[in-house]
Amino acid sequence: MMKTTSLKYLFSLIAILIFSLANGQHAPKCDIEEDQSSSDLKIIHVNSPCSPLRPKTLTLSWEHTVLHMQSSDKARLQYLSSLVAVPSIVPIASGRAVTQNPTYIVRAKIGTPAQTLLVAVDTSNDAAWVPCTGCVGCSSVTYNPVKSSTFKPLACGASQCKQVPNPSCGVKTCGFNTTYGSSSVSANLVQDNITLATESVSGYTFGCIQKASGPSLPAQGLLGLGRGPLSLLSQTNNLYKSTFSYCLPSYKSLSFTGSLRLGTSRQPLRIKTTQLLKNPRRSSFYYVNLVSIRVGRRVVSIPPSAFAFDPNTGAGTVFDSGTVFTSLVKPAYIAVRDEVRRLMGSATVSSLGGFDTCYTVPITVPTITLMFSGMNMTLPQDNFIIRSTAGTTSCLAMAAAPDAGVNSVLNVIASFQQQNHRILIDVPNSKLGVAREACS
Ligand SMILES: *[C@@H]1O[C@H](CO)[C@@H](O)[C@H](O)[C@H]1NC(C)=O
Ligand SMILES: *[C@@H]1O[C@H](CO)[C@@H](O)[C@H](O)[C@H]1NC(C)=O
Ligand SMILES: *[C@@H]1O[C@H](CO)[C@@H](O)[C@H](O)[C@H]1NC(C)=O
């Protein structure tokens, strides 16, 4: 039953696609010039119509884009749960290809003179690495250490070398191997200046990729915004005090309109906050305490176990910038979805890919409120309903967490739900803040 509906949708997608191609879709007007004066780091969605990294094979069809994002989400969620897995348990998805790509990119300038790379930001990761010139298996845009007067390789004996996964001492320099999604990376640990927006950090330690394989590496490198030992936050603690905020623009945004603001200055002073929790199972994740969910005016009935924060298993709720659609453990998702369906009365429900609550009439549910301890985050329709460009289909833009097998399941508050909000991460005060902000 479900299968036939999805198939029907797929065919109508293809029909829409052919139709729009036949109509000669206009290329969007892109404005991706750099703003030299801003001390905010500009953010764009990696697959935005104007993103320099948008895959050439991606069409501009709305449905196609949605299905593509859903499939990357599935892999991302499996990757996140594999990170919280109890080490003695075999990670999920072994033998299955796991691809996942972080979804937002910023400009980072590395070295002297500066070399610009479009690195992916990932709030659930500590690592930073970029493809280096000569790298086997990397994309064509690379960082060339030879051309930088401030570049320094790190020796085996350096204290930072003890913090990387699988360190190895090749030709005296500190090397390491790591994985990201289903990709693997072999890199040297190096130091150079990094300039994010207008501020320059000298002697920043990161990985210089020599060899890469697999489908899920961000093309021009990764900037982890997690809070573990070698992260950007830990390295710049004197400068930024482990505090930052960001506003993610819509995936449809035509320019770098989002922003990443590092440090304590210019942060919102009056902002609703909830406690930021730290889970030793995964020290880089930003855990919060989700307690219930309100759909319209009704708080839906969800067993507390669905939200329980558990330092022993890694279960709980995290804010993540790399997943697109919020994923809730099954009992929580079902309760939310059923209330939306109840409010929609007799309207015919259909599905689109992984979304199971879609309508061809407007969805009338005005708000969904994520209730955290001490903070309610009331989402307007734009943050929980995804509408086709033609306006003919609307879907509840959340999903049930994929079955994680032996791994504990995470609730993930994802980017679609965060977009056009400022999210403040204040590690020293253990606070996560949320305020509406239109960064489109
Ligand atoms: C890199 O750092 C050095 C030493 O702190 C500084 O002199 C130089 O101006 C920096 N370069 C850039 C491009 O910021
Ligand atoms: C890391 O990967 C490289 C290249 O794939 C390999 O030659 C090396 O043995 C690996 N080192 C470790 C410590 O696993
Ligand atoms: C969140 O909303 C509920 C009503 O649905 C209210 O009882 C509660 O006090 C609110 N919490 C905060 C922190 O505003």
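In what follows, every heavy atom counts, from backbone to side chain, and hydrogens, waters and symmetry copies are set aside. The structure displayed is predicted, hence computed values, not measured ones. For ligands, and for the atoms within them, numbers begin at 1 and follow the listed sequence.
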Checklist line | Heavy atom of protein inside 4.0 Å of atom 7 (O) of ligand 3, strictly below | finding: no

Item checked: Under-4.0 Å salt bridge between Asp356 and Arg337 ->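 Yes, Asp356 and Arg337 are salt-bridged.
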
Margin query: With a 4.0 Å cut-off on N to O distance, would you call Arg387 and Asp382 a salt bridge?
Written below: yes

Margin query: Is the distance from the ring center of Phe325 to that of Phe355 below 6.0 Å?
Written below: yes

Next item on the list: Around atom 5 (O) of ligand 3, find the nearest protein heavy atom and jot down its residue, atom name and distance.
Entry: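 So the nearest neighbour among protein heavy atoms is Arg294 NH1, 2.4 Å.
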
Next item on the list: Would you mind checking which non-hydrogen protein atom is closest to atom 10 (C) of ligand 3, with the distance to 0.1 Å?
Entry: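 Answer, as residue, atom name and distance: Asn376 ND2, 2.5 Å.
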
Next item on the list: Indicate the atoms forming the closest heavy-atom contact of Ser440 with Asn420, along with that distance.
Entry: N-OD1, 2.6 Å

Checklist line | ring-ring contact (aromatic ring centres under 6.0 Å, His included) between Phe372 and Phe307, intermediate numbers included | finding: CA-CA 10 Å; Phe372 301 96; Phe307 297 133; 9.2 Å; no

Next item on the list: Could you list which atoms of ligand 3 come closer than 4.0 Å to a heavy atom of Met375?
Entry: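 In order of number, 13 (C).
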
Margin query: Show the atoms of ligand 3 that are less than 4.0 angstrom away from any heavy atom in Gly374.
Written below: 13 (C)

